[in-house]
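Okay, structure first, notes after.
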Amino acid sequence: PKDFTMLSLFGLAGAIELIGSLLLLVGLWTREAAFIMSGEMAVAYLLRRVLTGASFSPIVNGGILESLLSFLFLYFVFAGPGPWSLDAKRAKR
C-alpha cells in the first residue's frame, strides 16, 4: 500500500510536469499552469528535502533545483505569457 501511494504521487507529479510544460511551451494558460507547477515543486521540496530530517536551507539539504524551479514558475505566474504565446493571440481577439 505504501508503494502504491508513492507510485500514484510520482504519476501525478509526472502528469503535472508533462501537461504543464507543454502548456508553458506554447503559452496557453501560462499563469495557471505555472501556479500549479510552482506549488508542485514547493511540495516536492518539502516532502523530499525538509521532512526527511534535513535542514530547511536548499544549500545544506541539496534541494537547490526544486527551490529554483518553484521560484521560477512563481515568476511566470506574475510575469505572464510573452507576446508570441497563444494567450497573447487569444487576448487580441
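- For the side chain to side chain contact (heavy atoms under 4.5 Å, CB included) test, residues two or more places apart in sequence or in another chain that qualify with Ser67 are Pro58.
- In this structure, OG on Ser85 lies 9.0 Å from CZ on Arg90, to the nearest 0.5 angstrom.
- Screening residues 48-60 for salt bridge (Lys or Arg N to Asp or Glu O under 4.0 Å), with sequence neighbours left out, gives Arg49-Glu66.
- Within the structure, the salt bridge (Lys or Arg N to Asp or Glu O under 4.0 Å) test picks out no pair touching residues 52-63 (sequence neighbours left out).
- Clustering ILVMFWY residues whenever any of their side-chain heavy atoms sit less than 4.5 angstrom apart, transitively, puts Met41 in a cluster other than the one holding Leu74.
- A search for side chain to side chain contact (heavy atoms under 4.5 Å, CB included) contacts involving Phe56 returns Tyr45, Leu46, Val50, not counting sequence neighbours.
- Applying the salt bridge (Lys or Arg N to Asp or Glu O under 4.0 Å) rule to pairs touching residues 54-65 yields nothing, sequence neighbours excluded.
- Linking ILVMFWY residues whenever their side-chain heavy atoms come closer than 4.5 Å, directly or via other members, places Leu24 and Leu72 in the same cluster.
- For Leu65, the side chain to side chain contact (heavy atoms under 4.5 Å, CB included) test picks out Leu69, with sequence neighbours left out.
- The 12-atom threshold is not exceeded at CD1 of Ile59, counting heavy atoms of other residues, nucleotides or ligands nearer than 6.0 Å.
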Run the side-chain donor-acceptor check on residues 10-17: report pairs under 3.5 Å with partners two or more places apart or on a different chain.
none

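- Going from atom OG of Ser38 over to atom CZ of Phe71 covers 8.0 Å, rounded to the nearest 0.5 Å.
- Counting all heavy atoms, side chain and backbone alike, Gly82 lies closest to Ala88 at O-CB, 3.5 Å.
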Show me, pair by pair, the donor-acceptor contacts under 3.5 angstrom made by side chains of residues 25-36, not counting sequence neighbours?
| from | atom 1 | to | atom 2 | distance (Å) |
| --- | --- | --- | --- | --- |
| Thr30 | OG1 | Asp87 | OD2 | 3.2 |
| Arg31 | NH1 | Val77 | O | 2.7 |
| Arg31 | NH1 | Phe78 | O | 3.3 |

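- Residue pairs meeting the salt bridge (Lys or Arg N to Asp or Glu O under 4.0 Å) criterion with at least one partner in residues 35-45, sequence neighbours excluded, do not occur; the list is empty.
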